[in-house]
Chemist: 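Following this message is one structure expressed as structure tokens.
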Amino acid sequence: MKNWKKNKDNRYINLFEKLYDVYGPQKWWPADTPFEVVIGAILVQNTSWKNVERSIKRLKPYLSHPKKLAQLPEETLAQLIRSSGFYRVKAKRISAFLRWFQQYDYEFDRVKKDGEKLRNELLEINGIGNETADVILLYVFHVPVFIADRYARTIFQRFGIHVPPTYEEFRKQVEFHFPKDAILLNEFHALLVTHGKTYCKKKPICEKCPIQNICQRRFTS
DNA sequence: GTCCTGGTGG
DNA sequence: CCACCTGGAC
């Protein structure tokens, strides 16, 4: 471990440390149970978390018992999650996940596979794509993966790090240069989302940005 | 590229 | 009024 940093680009860990200094520990994912993580991950697809919170509240009685949620008619489920937008497709996606989950008796502990196998299995579920699969892997199963979402892409690009075009290439690049540690990757994603929501938005607020002194963007525009 | 969609903030 | 939101399928 002494030479861990060999061939590594230390800008990734430096950025992490800077964000951690600024925002502190994020204590993610915001959910009471692992099942709630999955539901939140599906509901938040292309949607602001604020709109997801209401849906989560309405679903609360079912979230401690996935089986009960599985018994709901899909239309009823759709109405419960209306506030999250795309509610019909998302109801289908939750149903698809529940069908997969049923073969494990709705127990995450019964899902015993290595990360790559589990990842492929999750990706086969209709409505679970790269990002949602990685959220589940990291925040439910504690598999050390980097969630290569839009915030990460935007922040890294502005920061001055070259970002590959595809999700997978991007994910693997970060995983090469950053410690393969689920706790650190957990915190990294959370910090990137917080930073992205607060300053590094589509229209960034660079003047007030707490990391502007180490960001390349101040030179380009 | 287009569709899916309500809620929030500008 | 409009633009955008921690995507994914087709």
Side-chain angles (χ1 to χ4, degrees), chain A residues 15-16 19-20 23 25-31 34 36-59 74-100 119-140 143 145-159 163-171 174-175 178 182 184-208:
Chain A
L15 175 59
F16 169 82
L19 291 173
Y20 191 86
Y23 299 104
Q26 300 296 297
K27 309 187 193 308
W28 266 38
W29 180 283
E36 190 177 319
V37 174
V38 175
I39 299 302
I42 292 172
L43 292 180
V44 81
Q45 290 169 355
N46 206 35
T47 302
S48 61
W49 184 255
K50 198 153 268 178
N51 289 349
V52 174
E53 282 180 321
R54 237 192 241 108
S55 302
I56 297 277
K57 269 184 192 163
R58 303 185 71 177
L59 288 176
E74 205 170 278
E75 288 175 38
T76 310
L77 173 59
Q79 290 310 312
L80 287 170
I81 62 172
R82 211 158 186 280
S83 70
S84 305
F86 308 109
Y87 56 92
R88 289 188 208 87
V89 282
K90 284 176 180 174
K92 281 202 175 71
R93 291 172 184 186
I94 290 172
S95 299
F97 175 81
L98 285 166
R99 255 174 273 128
W100 172 83
R119 185 166 205 280
N120 289 328
E121 204 169 296
L122 290 170
L123 287 173
E124 282 175 23
I125 302 170
N126 194 281
I128 308 282
N130 284 310
E131 189 182 329
T132 310
D134 286 336
V135 166
I136 295 170
L137 284 172
L138 181 59
Y139 290 99
V140 174
V143 176
V145 289
F146 176 73
I147 297 164
D149 70 344
R150 266 218 292 261
Y151 279 139
R153 184 171 285 279
T154 303
I155 293 168
F156 285 16
Q157 277 170 347
R158 288 175 179 160
F159 191 72
V163 178
T166 70
Y167 182 96
E168 275 301 280
E169 285 177 293
F170 181 27
R171 174 172 77 91
V174 181
E175 287 177 2
F178 193 81
L184 293 178
L185 286 159
N186 172 328
E187 201 64 53
F188 200 16
H189 173 64
L191 287 165
L192 288 167
V193 171
T194 296
H195 182 57
K197 283 207 292 200
T198 317
Y199 299 103
C200 211
K201 306 190 276 195
K202 192 152 200 174
K203 284 191 72 154
I205 312 173
C206 297
E207 323 82 65
K208 295 184 181 173

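The sequence lines fix the lettering, A, B, ..., with proteins before strands; numbering per chain opens at 1.
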Chemist: Round to the nearest Å and state the distance from A:K201 atom NZ to C:dT6 atom P.
Modeler: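 The distance from NZ of A:K201 to P of C:dT6 comes to 10 Å, rounded to the nearest Å.
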
Chemist: For A:Y87 and A:R54, take the nucleotide of DNA chain B holding the closest heavy atom to each; which residue's nucleotide lies nearer the 5' end?
Modeler: A:Y87

Chemist: Take the protein atom NZ of A:K50 and the nucleotide atom P of C:dC4, then report the distance between them rounded to whole Å.
Modeler: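 After rounding, the gap between these two atoms is 18 Å.
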
Chemist: Please figure out whether A:N51 or A:N126 has its closest DNA chain C nucleotide nearer the 5' end.
Modeler: A:N51

Chemist: List in chain and number order the residues that pass ring pair (Phe, Tyr, Trp, His ring centres under 6.0 Å) with A:F170, two or more places apart in sequence or in another chain; answer none if no residue qualifies.
Modeler: A:F146, A:F156

Chemist: Could you tell me the separation between the NZ atom of A:K202 and the P atom of C:dC2, rounded to a whole number of Å?
Modeler: 17 Å

Chemist: If the plane angle is over 60° it's perpendicular, under 30° parallel, otherwise tilted; pick one for A:Y23 and A:Y199.
Modeler: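 Aromatic pair A:Y23/A:Y199 classed tilted.
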
Chemist: Just the rounded figure in Å: distance from C1' of C:dG8 to CG of A:D149.
Modeler: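 Answer to the nearest Å: 14 Å.
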
Chemist: Classify the nucleic acid contact of A:G129 as base, sugar-phosphate or nothing, counting any heavy atom under 4.0 Å across all strands shown.
Modeler: sugar-phosphate

Chemist: Taking only the C1' atom of each, what is the distance from C:dC4 to B:dT5 in whole angstrom?
Modeler: 13 Å

Chemist: Mind checking if A:L192 touches a base, just sugar-phosphate, or nothing, with heavy atoms under 4.0 Å?
Modeler: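 Touches nothing.
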
Chemist: Side chains of A:I81 and A:V52, heavy atoms from C-beta outward: is any pair under 4.5 Å?
Modeler: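 Answer no - side chains too far apart.
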
Chemist: Looking for any heavy atom pair under 4.0 Å, which part of the strands does A:K197 touch: base, sugar-phosphate only, or nothing?
Modeler: base

Chemist: When you list every nucleotide of DNA chain B with an atom under 4.0 Å from a heavy atom of chain A, which one comes first 5' to 3', and which comes last?
Modeler: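 For DNA chain B, the relevant span reads B:dC4 to B:dG9.
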
Chemist: Provide, to the nearest angstrom, the distance between the CG atom belonging to A:L43 and the C1' atom belonging to C:dG8.
Modeler: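 The distance from CG of A:L43 to C1' of C:dG8 comes to 14 Å, rounded to the nearest Å.
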
Chemist: Could you tell me if the side chain of A:E131 sits less than 4.5 Å from the side chain of A:I147, heavy atoms only?
Modeler: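 Yes, close enough: below the 4.5 Å cut-off.
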
Chemist: Between the side chain of A:E187 and the main-chain N/O of A:Q26, is any donor-acceptor distance below 3.5 Å?
Modeler: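 Yes, because the side chain of A:E187 sits within donor-acceptor range (under 3.5 Å) of the backbone of A:Q26.
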
Chemist: Using the P atom on both, measure B:dG10 against C:dT6 and round to a whole Å.
Modeler: 14 Å

Chemist: Tell me: CZ of A:R88 to P of C:dA9, nearest whole Å?
Modeler: 19 Å

Chemist: Quick one: does any side-chain atom of A:Q45 pair with a main-chain N or O of A:K90 as donor and acceptor, under 3.5 Å?
Modeler: no

Chemist: Among C:dC10, C:dG7, C:dT6, which is the nearest nucleotide to the side chain of A:W28?
Modeler: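 Selected nucleotide: C:dT6.
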
Chemist: Rounded to the nearest Å, what distance is computed from the OH atom of residue A:Y167 to the P atom of nucleotide C:dG8?
Modeler: 8 Å

Chemist: Measure from CZ on A:F156 to C1' on C:dT6 and round the result to the nearest Å.
Modeler: 14 Å

Chemist: Any chance CD of A:E168 has more than 12 other-residue heavy atoms, nucleotides or ligands included, within less than 6.0 Å?
Modeler: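 Yes, enclosed.
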
